[in-house]
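Below is one structure, written out as C-alpha cells; the observations come after it.
Every chain is numbered from 1, with letters handed out A, B, ... down the list of sequences.
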Amino acid sequence: MTEQETINRLNAQFPFARAVSPRRMRVFTDFMPPRQFEAVLRFARDELGYGKGEHIVGTDEGEDLGFSYIVSNGETLLVIREKVPKADPRVRSQYALYPSLLMHERELVDLFGADMRELPPGPSYPLPDGWPKGEYPLRKEWNPAYFNKNTMRYEPPEGGGEAKT
Amino acid sequence: MKKKLHLPGELAGQAIRNVFAKPATIDYPHGDPSIPANYRGRLVYDAPRCINCLMCMRDCPSKAIRIENRGTKENPDMHAYLNVARCIFCCQCVDSCPKKCLSASNDILLARLSRDELSVEL
Amino acid sequence: MSERDGKFVLPIGPQHPSLKEPCSFKITLDGEVVEKAVVEIGYNHRGLEKACESRTFVQDLYIIERVCGICSHAHTSAFCRCVEEMCGLLVPRRAEYIRGIVGELERLHSHLLWLGVAAHEIGFDTLFMYTWRDRERVLDMLAAIGGNRINYGVNTFGGVRRDLEPELIAEIGRVMDALEEKLKYYFELALVEPALIGRLSGIGILRPEDVRRFSAVGPVARAAGIMDDTRIIEPYGVFREIAVNGVTDDHCDVYGRTIVRVKEMLESVRLIRVMLRELPDGPISVKAPRRVPAGEILIRVEAPRGEDIHYVRSTGGDMPDRVRVRAPTEANWHGMSYMLEGFHLADVPIIIAAIDPCYSCTDRAVRLTDAGGSSLHAWEELRRLGIERYQSLGIDPSGIRLREFPRG
Amino acid sequence: MLLDILKILLFPGFAFLAAYAFLLEYVDRKAYARMQNRVGPPWYQPLADFFKLLGKKVIIPRNAGKRTFAALPVVSLAAVATAYVSVPVWGRAAIVGYEGDLVVVLYLLSIPTICLFLAGFSSHDVYTIMGAFRTLTQMFAYEVPLFIAFLSPAVLAGTWSITGILAFYADRPLLALVNLPAFFIALLSAQSKLERAPFDAPEAETEIVGGALVEYSGRYLAFMHASAMCELAVVTSAIAALFLPVLTGFAAADFALYLIKTLALLLLLTLLRASVARIRMDQMLNFCWMVMTPMAIIQIVVNLFLRGGLGL
C-alpha cells in the first residue's frame with residue numbers, strides 16, 4: 001500500500017479529501033468538516049489498513065481550530081485533518097476507532113478547548129485540575145506572560161495584549 | 001537459544017576480582033574529574049574584536065549574555081556580562097558571533113553563594 | 001491508606017524511590033497480586049510547545065534538545081531535519097555520518113542506563129553499578145565530541161557544529177572494543193543467571209495483537225516480534241547508505257525487552273565501527289537561512305525508546321507557527337495498566353521500568369490527589385514545628401513561601 | 001560477681017558488641033562497595049550515620065501507639081545483646097554458658113524480627129503494613145531451616161550449650177565437616193533473617209519504600225538500625241562458634257581466631273549480597289520450603305544416625 005495507491009483510493013472515494021503526498025511515506029488530506037472527517041477516518045482504518053493511531057496535532061488556524069489525526073499502517077503516515085470554528089468547536093472522540101489516541105484527544109480538550117463528545121471519563125491531561133475553566137494555552141490569543149503562576153489565574157491587562165512575549 | 005542455567009551468583013567471580021581492582025569512582029573533591037579540553041563551560045570574551053552587533057544576545061535561548069558599550073561609537077569600551085544561572089552553556093553565541101570573539105573554556109565550577117554574584121563579567 | 005473490601009489501594013508516586021521521575025499509579029492489590037492499576041502521568045508539563053512558538057528557530061533548537069535528557073540527540077536530529085527539508089538544505093555526507101555516530105552513542109548510553117535502572121528495580125545493585133560504570137566511558141566520548149556529557153548539542157541547522165579529529169576517532173574505536181567485550185558478558189549473564197531470568201521473565205506481557213491495539217513502539221514492540229525500527233522502515237540520513245539489521249525477539253515480556261535492548265547495543269557498536277571506518281571527508285555544515293519558508297513537515301526519527309515524530313509548521317518568519325513533539329514514551333503509556341494487572345507487587349517497578357519511561361517526554365502539570373482536609377492541616381502543623389526547630393538552631397526559614405495550591 | 005557484671009557490660013558484652021557491630025557494618029559496606037568497583041564509605045561512616053540520626057527530630061504518626069513505637073527499638077536491642085552473652089567470644093567459653101543456651105539464643109534472635117513486624121503494624125501506613133506482613137511471611141519461611149541447621153551440630157555433640165558444642169567439635173575437628181550442608185543452610189537463612197539481599201523483599205526500597213521502618217525517624221530509627229547490625233554480629237558469631245571449631249589453647253589467640261572467623265563469614269554474606277538479585281516473596285517461600293527445609297532435615301537425620309552409630 002504505497003502512498004500513491006492511498007491517494008488514488010482516498011480521492012476516488014472522497015473527492016473533497018484532496019489527498020496529496022508532499023514527500024515519501026507521507027499523505028496529507030485537506031481540512032474537512034467533522035462529519036466528512038469521521039467518514040474518511042473510518043474508511044482509512046477499515047479499508048486502507050491504517051490501523052495504528054500515531055498522534056494528533058492541534059493547530060490554531062486563526063478563526064478555526066485544526067485537528068490533524070496522524071495514523072499509520074506501519075510504514076506510511078496518513079494525516080487526516082478536520083476543521084471546526086472556534087466559536088462552536090463540537091467534535092466527536094474517535095476513541096472507538098483508535099483507543100491509543102485517547103491521551104492526545106484529552107490534550108486537545110485541555111490545550112485547544114475542543115468540545116469533544118463521547119470522550120471516556122478520566123483525569124484531565126495535561127493541565128492540573130485547578131486550571132481555570134475556559135483558558136486554552138495553545139490558542140494564539142492566549143499570552144503566557146499574563147498568566148499569574150501564584151493565583152493560577154489568567155489576568156490580561158484591560159487592553160488584552162497581543163500574544164507576543 | 002535456550003542455554004543451561006548456571007547456579008545463581010554468576011557475578012561472584014567478577015565481584016571478587018573487583019575487590020582487588022582499582023575502583024572506577026573517585027573521591028570527587030580530591031580526584032581529577034578529567035574534563036575534556038573542548039568542554040562547553042564558562043565563556044571567554046575578547047573585548048577588542050567585538051563590534052557590538054548583539055547577534056549573540058539575539059540568538060541566546062535563555063537571554064543570559066549582555067553586551068555593554070561603556071565608551072562611544074568611535075572608541076568603544078566593550079564589556080560582556082554572563083548570568084551564570086541562566087546560561088545553559090549551549091554556546092550558540094560562540095557560533096553566531098561573526099567576529100569569533102566569544103569562546104568556551106572548560107571551567108565548570110560556577111556555583112555562587114548569593115544571587116547578585118550570578119552576573120559574571122567575562 | 002484506603003482499604004476497599006479487604007483490598008489495598010497502594011499509591012506509588014508521584015514521589016516514590018522506585019520511580020526517579022514524576023508519575024503516579026494507584027495499584028489495587030489483592031494480597032500481593034495487582035488487580036487494577038490506574039496510571040496518571042504528566043507531572044512534568046513545561047509548556048514546551050507554547051514556548052517554541054514565541055522563540056526563533058535557532059533558540060527552539062535548545063528547547064527541543066531539553067525535551068528529554070537521555071534522547072536529546074534524537075529530538076534535535078528530527079527538529080533539524082524538519083527545518084532542513086523545509087529550507088531545502090542538503091546536509092553534507094560527513095555531517096550525516098557524525099550525526100549517525102552520536103545517535104548510536106546516545107542509544108548505547110541510553111540502553112546502558114536502562115539496564116542499570118532495571119537491575120536496580122529488581123534489587124541487583126551490583127549489575128546497576130557495573131552498567132553505569134561502562135556507561136561513563138560512552139559519556140566521556142560524547143563529552144569529547146559535543147562538549148557536554150548529556151546535552152551534547154552536536155546538531156545545528158544544515159549539519160553539525162563539531163568535527164571529529166583522527167585521534168578522537170581512534171579513542172572512540174578503543175572505547176567500542178572495551179564496551180563490546182562487556183556487552184557480550186552482560187548478554188551471556190542475561191542468558192544464564194537464574195535469579196535475573198526468574199525476576200524478568202513471564203511478567204508485563206504484551207503480545208503482538210496487544211502491541212497493535214495499544215500502538216506500542218520501540219523495544220516494547222520489538223520484544224513481541226514486530227519490527228518497527230524507523231532506521232529500517234524509513235531510512236534517513238546516514239542509514240540510507242548503511243544498512244541496520246533489526247533486532248526482534250518473541251518473549252513478549254520484560255525479559256524479551258532486556259534481550260532486545262542488549263542486542264541493539266551490540267548492533268550499535270557494530271554500526272559505530274562501520275561509520276567510523278567509512279567517515280567521508282568534506283564540510284560539516286552548510287549555511288542555514290534565518291527565515292524558514294512557509295510549510296509544514298512531519299519527520300520520524302528512531303530514538304532509543306522508539307519512533308519519535310516531530311511536526312513543525314512555519315509561516316515564513318523566523319519563528320515557528322506550531323511545533324509538536326510525539327515522543328516514543330507517549331505511545332507506550334496506553335498499554336501500561338494492561339501490562340501491570342495480574343502480576344505481583346514486586347514486579348510493578350520492573351514492568352514500569354521495562355518501557356523505559358521518559359516522563360519529561362510525556363509532559364504534564366502537578367496534580368493534587370485526594371488530599372483529605374485533615375492531612376493538609378497536619379502538614380501545616382508539621383511545617384510550623386519544622387520552622388520552630390530551625391529557628392531554635394538559629395536559621396530562619398519562615399521567609400520561604402510555599403506555592404498555594406487551590407484546594408480540592 | 002562484679003567481674004561477671006563488668007564482663008557482661010564491657011568486654012565481651014554490650015560495649016564490645018556495639019563497637020564490633022559498627023566495625024562489621026563498615027567492613028560489610030566497604031567490601032560491598034569494592035565488589036561493585038566503587039570507592040566505598042570512610043571507616044567512621046556507620047558512627048556518623050548513628051549520631052546524625054540521634055540528632056534528628058522524632059515524628060511519631062498520630063494513629064501509632066506512642067509507647068509501643070518507642071519501646072520496640074529498645075526491646076529488640078536488648079534481646080540481641082542478651083543473646084550475645086551466651087556466645088563464646090573470649091577463649092573457649094561464653095560468659096554465661098549453660099545447658100540449653102543454644103535454644104535461648106535462637107529465640108532471643110527471633111525477637112528483633114517480631115519487633116520489626118510490630119513496628120510496621122503499629123504505624124498504620126500502607127507501606128509499613130505491607131512490609132510488616134512480608135517480614136512475618138518471610139519469618140515463617142526461614143525459621144524452620146534456621147532452627148534445624150543450628151540444632152543439627154548440637155544433636156551430634158549431644159549437648160545444647162554452645163560452649164559445649166564448641167568444645168566437642170574442637171576435640172574432633174573432622175566431625176565438623178559432617179555439618180557442612182547445615183553450615184550453608186545456616187548462612188542462607190541467616191541472610192534472610194537479617195533481611196539482606198537477596199532476601200530483602202520486606203524492605204524492598206523500590207516497591208514498598210522501606211518496609212516496616214518507613215515511619216521511624218530520629219533516635220528510634222538509629223537504635224532499630226543498631227539492633228539490626230548487632231543481630232548481624234551475634235548471628236555470625238553463633239555460626240562461627242557452631243560450625244568453625246578451630247581453637248588453640250590461649251584465650252587471646254582464640255579471640256583473634258574469633259575475629260577472623262566472623263569477618264570471613266561476613267565477607268561471605270557480603271559476596272552473597274553482591275552477586276544475586278532480590279527474589280520475590282513467592283520465590284523466597286518456594287526456595288525455603290522446597291530446597292532448604294528438606295536439606296536441613298536430611299542433615300539432622302544423618303547427624304542422629306551418626307550420633308547413634310558412633311556411640312558417643
Next item on the list: Determine, stepwise, if the pair Q14(B) / T126(C) fulfils side-chain contact (heavy atoms from CB on, under 4.5 Å).
Entry: CA-CA 10 Å; Q14(B) 189 87 335; T126(C) 311; over 6 Å; no
Item checked: CG-SG distance between L61(C) and C90(B), expressed to the nearest 0.5 angstrom -> 9.0 Å
Next item on the list: Name the option with the most non-hydrogen atom pairs under 4.5 Å to chain C; the candidates are C91(B), A104(B), G41(B).
Entry: C91(B)
Note to self: Taking side chain as everything from C-beta outward and backbone as N, CA, C, O, which of these in A15(B) sits under 4.5 Å from a heavy atom of chain C? Side chain, backbone, both or neither.
What the structure shows: both
Notebook entry, point to check: salt bridge (Lys or Arg N to Asp or Glu O under 4.0 Å): which pairs involve residues 36-54 of chain B, sequence neighbours left out?
Noted result: R42(B)-D107(B), D46(B)-R49(B)
Note to self: Sort by residue number and list every residue of residues 147-178 of chain C having at least one heavy atom under 4.5 Å from chain B.
What the structure shows: G147(C), N148(C), R149(C), N151(C), Y152(C), G153(C), R161(C), R162(C)
Item checked: Heavy-atom proximity to chain C below 4.5 Å, by part of P61(B) -> both
Notebook entry, point to check: CG/L11(B) to OH/Y130(C) distance, rounded to the nearest 0.5 angstrom?
Noted result: 6.0 Å
Margin query: Pair R133(C), N18(B) - check side-chain contact (heavy atoms from CB on, under 4.5 Å), show working.
Written below: CA-CA 12 Å; R133(C) 169 199 60 195; N18(B) 277 331; 4.2 Å; yes
Note to self: Filter on salt bridge (Lys or Arg N to Asp or Glu O under 4.0 Å), then keep only pairs touching residues 21-31 of chain B, sequence neighbours left out; what's left?
What the structure shows: none
Check: Taking only residues at least two apart or on different chains, which pairs with a member in residues 56-68 of chain B satisfy salt bridge (Lys or Arg N to Asp or Glu O under 4.0 Å)?
Finding: D59(B)-R290(C), R66(B)-E68(B), E68(B)-R70(B)
Checklist line | Straight-line distance of M129(C) CE to T25(B) OG1, nearest 0.5 Å | finding: 9.5 Å
